[in-house]
Amino acid sequence: MKKVICVLIAAMMVFSLAACGKQTVDVNQIDSGSVQETTPQTTPSSGSTTETAETKDKIFYTYLSGDVDTLNGQATVSEANDTPLSWCSAYLWRAVPNAEGTGFEYIPDLASEMPIQIDEYTWQIKLREEACWHNGEKITADDWMFTFKTCLDPVAVQAMSGFLADNNITIVNAMEYAAQGESNTISWEEVGIKKIDDYTLEITTEYPASETDVCTHFAMRTNTPLYQPLYEENLTPDGLTSSYGTTLDAWMGCGPYYFDTWTYDSIHIYKKNPNYWLSDLFHFDEVQVRIVPEANALVELFESNQLDSFTPDVNSMVSYIDDPRLVSYPSVMVYHYDVNYLNSSNPLSQSINYRTALYLAMNRYVIAKDIWGYKEPAATYVNGMAGILHPDSNGVTYRQTQWGTEVYDYIEEKFGDRYGYNPELAKEYMQKAYEECGLNWDTDTITLIALEGGYGEERKMNELFMEEFPKIFDGRIQIESLVVTDYLDHMWNNLDQWDLAFMDWGRSLSRTLPYQCMYYFTEGYSSHPNNMFTEEFQAQWEACEAVKNSDYETICQETNKLEHVQLDEITVIPVYQEVNYVLFNDNLVLPCGSYIPGFGWGTMFADKIVE
């Protein structure tokens with residue numbers, strides 16, 4: 001999660017196409033006022049391709065801001081491995097552009113057809129019999145059973161187990177099995193995942209689900225298959241951890257491209273797999289992914305045609321803001337600060353007044369505009385894309401509904417500022433916190449974690465707080481930055497050494513169910529190192545879950561209540577809403593005429609004009 005962020009291409013690389021049945025998500029009817037975007041100037045009519053010279057290789061040049069640590073989709077919460085897995089591995093179903101380039105549809109990949117509904121809670125998955133690993137071995141139901149059982153292992157505890165157990169669908173007893181530790185109270189046979197025969201799986205869900213729910217659940221990096229021989233070959237002596245995926249020799253792919261070269265912190269090279277059952281649907285002969293953490297280097301690469309697209313940072317944005325190649329699209333990401341309420345060295349850590357004081361001291365206007373550039377300040381956590389894909393929303397996001405806008409009215413009424421920035425009130429709340437805890441307010445230090453070599457913008461935020469907090473709190477609060485080499489590891493294992501941690505987290509499911517972006521703060525999200533859920537918050541989360549199959553209005557009403565609980569308890573400090581900008585080179589021909597919410601631009605299916 002922390003700071004190894006896949007930039008645009010990793011986020012929007014969506015996947016392959018099959019000649020079988022389809023599940024369509026048509027966003028052509030989305031209210032044009034609900035999403036602000038720009039259509040690429042270089043894109044021909046939607047869904048078109050361009051014939052290019054047969055004699056020249058088509059190489060797609062893209063980048064990551066940091067390298068991946070593993071190709072095991074279960075083992076890390078980092079989204080960076082979306083990139084190699086989307087090109088070099090495979091999923092049961094994948095999302096692809098529709099023929100018009102106005103929406104997207106789910107189609108089979110490693111599955112041979114769309115999921116088959118047996119009853120209200122039971123689905124069968126027929127597997128593609130010609131599907132094989134890159135070494136030519138068949139992929140069967142046994143591979144999937146090993147993959148799923150490994151992901152839910154209650155003793156080994158995979159980082160992404162919750163995303164298999166309970167994401168777009170809730171698999172019967174999966175979460176309970178994964179969370180039981182060594183108690184052995186729930187057997188694997190009680191989990192709603194079964195092998196019917198060599199090419200048929202059966203999934204049983206806790207709640208009714210749709211075909212789209214099932215497809216979406218299995219179209220993510222967590223659910224890429226594991227190659228059992230290499231996984232077991234690379235197990236530690238205790239059998240709890242495998243180095244599977246940490247090198248190319250310790251991993252096996254099965255996708256439309258081979259992972260040919262991995263020079264760590266330098267470059268990935270993927271080469272087209274001619275034996276892939278759908279290889280004719282992919283236009284690039286080779287994909288080169290450079291690891292480029294430095295913004296100026298990205299500009300140079302793009303201007304010299306060594307990148308086909310890139311996201312300008314706050315400094316280079318000034319040069320490109322009027323460039324016709326620049327396009328924008330919204331995000332499900334709201335950047336925030338985790339408050340460490342388990343810091344035993346800070347007696348204020350569990351005080352709501354203390355957390356509220358910190359919330360009010362965050363100058364979101366400066367953070368969003370001047371530090372991160374062209375972003376939107378965010379005083380609450382539900383993102384600007386939440387709800388847009390709900391079948392009843394008609395393209396109206398939760399934030400645009402009366403319940404979404406009311407939350408900002410509530411913030412303004414309660415805190416005196418629509419975006420929650422009120423230095424005078426922050427001082428009052430901090431005084432209340434000290435009185436509440438029976439402490440004399442003299443001078444204290446708040447410690448922010450900072451990643452060594454991390455983003456310059458984050459350092460600028462720290463400097464802003466170092467300058468503003470002493471002014472806001474009359475010199476009685478100082479800010480210090482604790483530089484660490486492993487952000488998440490320090491959060492997990494050094495709870496008494498930090499107070500605030502800048503985090504990024506988003507959930508695609510929130511585009512359908514707005515409250516789902518807050519899953520990060522519930523007791524069900526085991527990968528959270530400092531999970532500050534409360535009884536009231538958890539109860540309202542469960543109230544939202546209880547109505548998730550209801551109409552959009554009911555879901556929005558319950559989401560509104562959840563936001564109120566979060567604002568009253570300040571379980572998190574949101575600071576800005578991500579707005580994505582990207583530049584596409586003129587010779588890249590995209591399959592979509594505009595950004596498609598929940599899908600992107602379909603870059604994986606783009607073509608390229610080779611001169």
Side-chain angles (χ1 to χ4, degrees), residues 2 335-368 370-371 377 379 411 414-417 419-452 454-485 487 489-503 529-530 532 534 567-576:
K2 173 63 187 173
Y335 285 79
H336 69 276
Y337 277 93
D338 273 6
V339 184
N340 182 5
Y341 86 117
L342 296 176
N343 185 352
S344 62
S345 67
N346 182 356
L348 300 172
S349 62
Q350 296 194 30
S351 166
I352 294 177
N353 287 320
Y354 167 73
R355 298 195 297 269
T356 304
L358 297 178
Y359 172 92
L360 291 165
M362 297 283 178
N363 192 336
R364 294 172 180 83
Y365 300 97
V366 171
I367 291 171
D370 298 333
I371 293 180
I411 293 169
K414 181 175 182 177
F415 297 130
D417 181 83
Y419 290 105
Y421 177 57
N422 190 329
E424 287 299 318
L425 195 58
K427 186 166 58 175
E428 292 180 22
Y429 271 96
M430 188 64 78
Q431 183 68 57
K432 290 179 184 178
Y434 277 87
E435 293 172 357
E436 170 195 2
C437 297
L439 301 171
N440 292 321
W441 188 11
D442 186 9
T443 301
D444 266 325
T445 299
I446 294 175
T447 303
L448 290 76
I449 298 181
L451 181 66
E452 184 178 11
Y455 287 98
E457 289 83 1
E458 187 174 350
R459 290 194 297 272
K460 290 178 182 178
M461 282 196 302
N462 292 350
E463 291 168 0
L464 174 69
F465 301 148
M466 290 175 185
E467 178 182 347
E468 287 201 348
F469 273 45
K471 295 178 182 177
I472 292 171
F473 299 111
D474 296 334
R476 292 184 287 178
I477 295 292
Q478 304 294 324
I479 296 291
E480 70 173 7
S481 182
L482 176 63
V483 179
V484 299
T485 56
Y487 206 95
D489 179 74
H490 199 90
M491 289 181 68
W492 276 101
N493 298 311
N494 299 276
L495 287 171
D496 293 339
Q497 296 183 14
W498 64 276
D499 298 299
L500 291 173
F502 183 60
M503 299 293 289
N530 182 35
M532 190 175 65
T534 66
L567 287 164
D568 289 341
E569 298 180 341
I570 309 294
T571 55
V572 65
I573 300 178
V575 285
Y576 76 88

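Heavy atoms only: backbone and side chains are in, while hydrogens, waters and symmetry mates are out. None of the values given here were measured: they were computed from a predicted structure.
- Side-chain contact check for Glu468 versus Pro423: every heavy-atom pair is 4.5 Å or farther apart.
- With hydrogens and angles ignored, the 3.5 Å screen pairs no side-chain donor or acceptor of Arg355 with any backbone N or O of Thr571.
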Original post:
Between Val484 and Gln497, is a side chain to side chain contact (heavy atoms under 4.5 Å, CB included) present by the stated rule, with each step listed?
Top reply: CA-CA 11 Å; Val484 299; Gln497 296 183 14; over 6 Å; no
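- Below 30°, between 30° and 60°, or above 60°: for Tyr335 and Tyr576 the angle between ring planes is below 30°, a parallel geometry.
- If you take CD on Glu467 and CD1 on Ile472, they are separated by 10.5 Å, rounding to the nearest 0.5 Å.
- The structure places OG1 of Thr534 at 3.0 Å from CD of Glu569, a figure rounded to the nearest 0.5 Å.
- For the residue pair Ile573 and Leu358, the shortest heavy atom distance occurs at CD1-CB, 3.7 Å.
- Within the 4.5 Å cutoff, the side chain of Met430 has no heavy atoms near those of the Arg476 side chain.
- No side-chain heavy atom of Phe502 sits less than 4.5 Å from a side-chain heavy atom of Asn462.
- Between Asn346 and Tyr354 there is a side-chain heavy-atom pair separated by less than 4.5 Å.
- Looking at Asn340, its side chain does come within 3.5 Å of a backbone N or O of Leu495 through a donor-acceptor pair.
- A donor-acceptor pair under 3.5 Å is absent between the side-chain atoms of Asn422 and the main chain of Asp417, judged by distance alone.
- Between Tyr359 and Tyr429, a ring centre-to-centre spacing not shorter than 6.0 Å is recorded.
- His490 approaches Trp498 most closely through the heavy-atom pair O-NE1, 4.1 Å.
- Of the possible donor and acceptor atoms, one in the side chain of Gln478 sits under 3.5 Å from a partner among the backbone N and O of Gly475.
- With sequence neighbours excluded, no residue satisfies ring-ring contact (aromatic ring centres under 6.0 Å, His included) with Tyr421.
- The two residues Asp496 and Ser344 have their closest heavy-atom pair at OD1-OG, 2.7 Å.
- Residues Leu425 and Lys414 come closest through the heavy atom pair CD2-O, 4.1 Å.
- Atom OG1 of Thr443 sits about 13.0 Å away from atom CZ of Phe473, to the nearest 0.5 Å.
- Interatomic distance, CD1 of Ile352 versus NZ of Lys432, reported as 12.0 Å (0.5 Å rounding).
- One distance of note links CE of Met362 with CD1 of Ile367; it measures 6.5 Å at 0.5 Å rounding.
- The two residues Ile449 and Ala501 make their nearest non-hydrogen contact at CD1-CB, 4.4 Å.
- Salt bridge Asp370/Lys460: absent, no basic N to carboxylate O contact under 4.0 Å.
- The minimum heavy-atom distance between Arg364 and Pro574, with the atom names listed, is NE-O, 2.8 Å.
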Subject >> Glu480 and Thr445: CA distance, side-chain angles, deciding distance, side chain to side chain donor-acceptor pair (under 3.5 Å) verdict >> reply: CA-CA 7 Å; Glu480 70 173 7; Thr445 299; 5.3 Å; no
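- If you take OH on Tyr337 and CG on Leu500, they are separated by 7.5 Å, rounding to the nearest 0.5 Å.
- Side-chain N or O atoms of Asp499 include one that pairs as donor or acceptor with a backbone N or O of Thr447 at under 3.5 Å.
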